[in-house]
Amino acid sequence: LEETPVYHSTGLEYAIQVAPDPHGTVEQVMMSREESQDPVTFKVENRSQFVTSAYGYFNENLIHSMFHSELKEQSRGNPQYTYFMHCDPAKVNDMFSLMIAHDENNILTVDYMHVYRPEDYENHTINYEMVEEDIKLLLRKYNVYRCSFDQFNSTYLIQRLRDYVRFRNLDTIIVED
């Protein structure tokens, strides 16, 4: 058999190259350069592998350039804005994140965000009762209009929070998206 580069058949127009040869064809040389210049992006886009951290995929300098230094996390909502919260729960041993934002002159303004990490808790297990209390506090502090949850692992919290807003006479809408 003739020795050929290793490709995976994807059924797509182009094959995904597994090991680009820096001394091979023009395509292989280009792919090899691309991998050496940005191995993380190459891993995601050409090898179909996940990045272990969102921070590993984003260019930190570009992210920082998008923000003004005078922006600060808000501890309370401003009554002139309508606030939205989104929660992304996970399994007990995975991260749980939430974010609060509002629209300011057609610009999304993030007011608050937090990630609950299992390693921050005893037995590496997120305390969902504490997360629920934090969410309740944030609903009140920001007078959140709409609180949405990812579909995965959210039914219990949605039911509890719907009961809570009804009991407290809050106008917050709790939904699963």
Side-chain angles (χ1 to χ4, degrees), residues 37-46 48-177:
Q37 290 172 351
D38 191 351
V40 174
T41 302
F42 187 88
K43 179 180 173 183
V44 173
E45 293 180 358
N46 294 285
S48 299
Q49 295 179 14
F50 292 106
V51 177
T52 56
S53 163
Y55 299 113
Y57 191 71
F58 297 111
N59 179 313
E60 187 175 346
N61 294 331
L62 289 176
I63 298 296
H64 285 292
S65 72
M66 292 174 16
F67 298 96
H68 303 288
S69 59
E70 70 270 7
L71 292 178
K72 295 182 182 139
E73 188 175 272
Q74 301 298 307
S75 60
R76 291 202 153 290
N78 181 332
Q80 77 182 49
Y81 299 118
T82 302
Y83 291 91
F84 298 85
M85 178 189 290
H86 183 73
C87 300
D88 186 3
K91 293 179 183 174
V92 186
N93 294 328
D94 289 335
M95 292 187 283
F96 182 119
S97 59
L98 66 85
M99 182 176 78
I100 298 174
H102 71 276
D103 174 34
E104 194 169 327
N105 301 319
N106 290 324
I107 297 172
L108 176 70
T109 302
V110 175
D111 297 279
Y112 179 88
M113 52 195 276
H114 186 73
V115 177
Y116 298 89
R117 293 177 174 82
E119 59 267 19
D120 296 337
Y121 297 90
E122 189 176 327
N123 299 324
H124 294 270
T125 302
I126 293 175
N127 181 336
Y128 267 68
E129 290 175 1
M130 188 186 87
V131 172
E132 180 183 345
E133 292 306 311
D134 287 352
I135 292 172
K136 289 176 182 177
L137 176 66
L138 291 166
L139 291 175
R140 292 190 314 271
K141 286 175 76 172
Y142 286 89
N143 192 25
V144 173
Y145 169 72
R146 186 174 190 271
C147 176
S148 60
F149 282 81
D150 278 1
Q151 295 175 356
F152 179 77
N153 205 28
S154 61
T155 304
Y156 177 75
L157 267 175
I158 289 173
Q159 290 172 350
R160 303 254 319 151
L161 292 171
R162 283 179 178 161
D163 289 344
Y164 174 77
V165 298
R166 190 171 34 255
F167 177 75
R168 296 287 300 234
N169 292 316
L170 300 176
D171 295 325
T172 306
I173 300 166
I174 310 287
V175 297
E176 179 181 82
D177 280 339

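The shown structure was predicted, so the numbers you read here are calculated from the model rather than taken from an experiment.
In this structure, Glu129 places its CD atom where only 12 or fewer heavy-atom neighbours from other residues, nucleotides or ligands lie under 6.0 Å away. For OH of Tyr145, the number of neighbouring non-hydrogen atoms (other residues, nucleotides, ligands) closer than 6.0 Å is 12 at most.
In this structure, the separation between CE on Met85 and CD1 on Ile135 is 6.0 Å, given to the nearest 0.5 Å. How far CD of Glu132 is from CG of Leu137: 12.5 Å, rounded to the nearest 0.5 Å. Separating the CG atom in Asp111 from the CZ atom in Arg76 is a distance of 13.0 Å, to the nearest 0.5 Å. Asp171 CG to Arg146 CZ: the interatomic distance, rounded to the nearest 0.5 Å, is 15.0 Å. Expressed to the nearest 0.5 Å, how far CZ of Phe149 lies from CG of Asp88 amounts to 10.0 Å. A distance of 9.0 Å separates CZ of Arg168 from NZ of Lys136, quoted to the nearest 0.5 Å.
Contact check for Leu98 versus Leu138: side-chain heavy atoms found under the 4.5 Å cut-off. A heavy-atom distance below 4.5 Å is found between the side chains of His86 and Asp150. Contact check for Tyr121 versus Met130: side-chain heavy atoms found under the 4.5 Å cut-off. For the pair Asp134/Tyr116, a side-chain contact is recorded, criterion being any heavy-atom separation below 4.5 Å from C-beta on. Residues Glu176 and Thr155 meet the side-chain proximity criterion, which asks for heavy atoms closer than 4.5 Å. Looking at Leu139 and Cys147, their side chains come closer than 4.5 Å, going by heavy atoms from C-beta outward. The shortest distance between side-chain heavy atoms of Met95 and Pro118 falls below 4.5 Å.
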One pair to check against salt bridge (Lys or Arg N to Asp or Glu O under 4.0 Å): Arg160 and Asp163. What are the steps and the verdict?
CA-CA 5 Å; Arg160 303 254 319 151; Asp163 289 344; over 6 Å; no
Starting from the C-alpha separation in whole Å, work towards a yes-or-no answer on side chain to side chain contact (heavy atoms under 4.5 Å, CB included) for His102 and Thr82.
CA-CA 6 Å; His102 71 276; Thr82 302; over 6 Å; no
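Using the six-membered ring where Trp is involved, Tyr83 and Tyr81 have ring planes that are perpendicular, over 60° apart on the 30 and 60° scheme. Note on ring orientation: taking the six-membered ring where Trp is involved, the planes of Tyr128 and Phe96 are perpendicular (angle over 60°, cut-offs 30° and 60°).
Side chain of Asp103 to main chain of Ile107: a donor-acceptor pair is present (N/O by atom type, distance under 3.5 Å, no hydrogens or angles). Here the side chain of Thr172 pairs no donor or acceptor atom with the backbone of Leu170 at under 3.5 angstrom.
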